[in-house]
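Single-structure report; data block below.
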Amino acid sequence: MSTFQGVDERPCDCFYRRATKRSSEDLICVTYDRPFIQKGLKAGNRICPRTQQVLSHTILTPNHLVREMISQWCKNRGIELSDPVLLVNEDGITESDRDHFLSLLQKMSSGLPEQKEAAKELRLLTKRMPSFRALFGESIHAIPQLLSPLSEGKFEDGIHPELQEDVITTLLNLSIHDNNKKLVAESPMVIPLLIEALQSGTIQTRSNAAAALFTLSALDSNKALIGKSGALKPLIALLDEGHPLAMKDVASAIFNLCITHENKARAVRDGAVRTILKKISNRMHVDELLAILAMLSSHPKAVEEMGELGAVPCLLRVIRETNCGRNKENCIAVLHTICLNDRTKWKEIREEENTYGTISELAQNGTSRSKRKASGILDRLNRTVNLTHTA
C-alpha cells in the first residue's frame, strides 16, 4: 500500500519529493506541509494530485526522517522548532493520540483479553472525545477493525457479552458524529451486527443498538438502508418486551425510520400497530408511541388494524385522562382518520360524546390542530344523526 509523506506525516508517497541540496550547507525539502494536506482533505479532496488515484485512507503519520532533517537545519540556524508530539490539528488530536488509536484497533484482532481491553478504551474515548469519533472517518479500515471480534471472532460460547456491549456502544458513539453517519451505516457489517445485537446480549447492548439505529437514521439514505436490512422487526419485538431501559431508544428508532412510506409499510407488516396499542393501553411511554401511531395512520392497512384492535376506546380514554396537549392532538388525529375510513366506529364516538363530551371539550380547548380535527368529527356526527351501527 502506498503511503503519504509530508514534512511530518506520510499519507501517500506522492506527497513527498526527495530533498535536494542547494549548497553544501542548505538542505531544502520540496514537500507538502501538514496544514495544506489537512486543508485539502477537509475540503473533501480524496484524489492524489500526482497519480489521480483515490486515496485508500487519510491517516497522517509522522515522517521522522524529514522531520529530523528539518530539526537539524533549524538547530544549526538557531531557529526553535516545536515538538511534533505537541502539534495538534483543528480537532485537538496529537500524533500520539493517533498512534494510540491505531494500536487499539490492532488489538481488536488479538486475543480476547486484548480485545476486551481495547474495546473498553475505545468506548470511553469515543464517549468523552468527539475528536476520537472523527478519527474513524480517516480510514476505510477503522470500522471493520473495530467490528472484527463480532464479525469474525465467534468464540466457543458465542460472542463475549461485555465485548459485544463495548463494541456496539462505540458504534453508537461514532454515529453521533454527523460526518460519520453515512460512513458507519454503509460499512457492510454495521447494520447486520446492530440487528444481531438487538436480539442478543445484555439489555444495555440491545438498548444501545437501538439508539445507534436511531442516530444513523437521521439521514434519509440511512432510513432506507436500515429498513431494507430488516431492522424494524427486531425493534418492534424489543418494544413488545417492554424493558424500561430500552423502550425510549427503541421508540425513537421506530419513529425515525417510519418517516419514510416504505418503512411504514414494513412496520405495519411486522406488527407495530398491535404492539403500540398494547403498550399505550398499559400506559407505557404513551407520548412516544402516540407519535408513532399518528404517523402510521397515514397507511391504510394500519388504520384498518387500529379499528379492529380497539384503538377507538383506547384513544378516547387517553384524551380524557391526559393533560398533555400533544397527546390529545395525536389521539384525535388518529380517531379522525379511523372514523373517516370505518363508518362502524361512529357509534362509539357518539356514545363517548353523549357520556363525557370529550370531542366537544377538545374542539373548544385543544391545540389548533386538535380543534380542527375535533370539529371535523362533530360536524360529521351532526350530519349523521340517524346513523345506526352496522357490523
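Everything numeric here is computed off the predicted structure, so don't read it as measured data.
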Q: Report yes if the side chains of L105 and L122 come closer than 4.5 Å at any heavy-atom pair, otherwise no.
A: yes
Please report, to 0.1 Å, the donor-acceptor pairs under 3.5 Å made by any side chain of residues 209-216, with sequence neighbours excluded.
unit_1, atom_1, unit_2, atom_2, d
T215, OG1, S175, OG, 2.5
T215, OG1, A211, O, 3.4
T215, OG1, A212, O, 2.9

Q. For R123, what residues pass the salt bridge (Lys or Arg N to Asp or Glu O under 4.0 Å) criterion, not counting sequence neighbours?
A. E165, D166
**Q.** Those residues that, when tested against R320, pass salt bridge (Lys or Arg N to Asp or Glu O under 4.0 Å) (two or more places apart)
**A.** E352
Q) So, are R283 and E321 salt-bridged, with charged N and O less than 4.0 Å apart? A) yes
Only pairs under 3.5 Å count here: list side-chain donor-acceptor contacts from residues 333-341, not counting sequence neighbours, and write none if there are none.
unit_1, atom_1, unit_2, atom_2, d
T337, OG1, A333, O, 3.1
N341, ND2, T337, O, 2.6

Q | Taking every non-hydrogen atom, the tightest pair across L289 and M284 | A | CD1-O, 3.3 Å
Q: Report the residues that fulfil ring pair (Phe, Tyr, Trp, His ring centres under 6.0 Å) with F132, sequence neighbours left out, ordered by chain and then residue number.
A: none
Q: Please list all pairs passing the salt bridge (charged side-chain N to carboxylate O under 4.0 Å, His left out) test where one or both residues lie in residues 246-266, with sequence neighbours left out.
A: K248-E288
Q. Salt bridge (charged side-chain N to carboxylate O under 4.0 Å, His left out): which pairs involve residues 235-245, sequence neighbours left out?
A. R206-E241, D240-K278
Q. Any donor-acceptor pair under 3.5 Å linking the side chain of S207 with the backbone of Q204?
A. no
(Q) Please give me the minimum heavy-atom distance between G242 and M247, naming the atom from each residue. (A) CA-SD, 3.5 Å
(Q) Quick one about H160 and Q115 (side-chain donor to acceptor, distance below 3.5 Å, no hydrogens or angles considered), yes or no? (A) no
Q. Taking only residues two or more places apart in sequence, or in another chain, which ones meet K228 in a salt bridge (Lys or Arg N to Asp or Glu O under 4.0 Å)?
A. none
Q: For C314 and I280, work out which heavy atoms get closest and say how close.
A: SG-CG2, 3.8 Å
Q. Regarding T367 and E329, is there a side-chain donor-to-acceptor distance under 3.5 Å anywhere?
A. yes
Q | Nearest atoms (heavy-atom pairs only) where N330 meets R369 | A | OD1-NH1, 4.1 Å
Q: If a pair satisfies ring-ring contact (aromatic ring centres under 6.0 Å, His included) and one of its residues is in residues 217-236, list it, with sequence neighbours excluded.
A: none
Q. Partners of N179 by side chain to side chain donor-acceptor pair (under 3.5 Å), sequence neighbours excluded?
A. none
Q | Residue list, ring pair (Phe, Tyr, Trp, His ring centres under 6.0 Å) with H285, at least two apart or on another chain | A | none
**Q.** Summary of ring-ring contact (aromatic ring centres under 6.0 Å, His included) pairs that have at least one residue in residues 296-333, sequence neighbours excluded
**A.** H261-H299
Q) Which atoms form the tightest heavy-atom contact between A118 and M108, and what is the distance? A) CB-SD, 3.8 Å
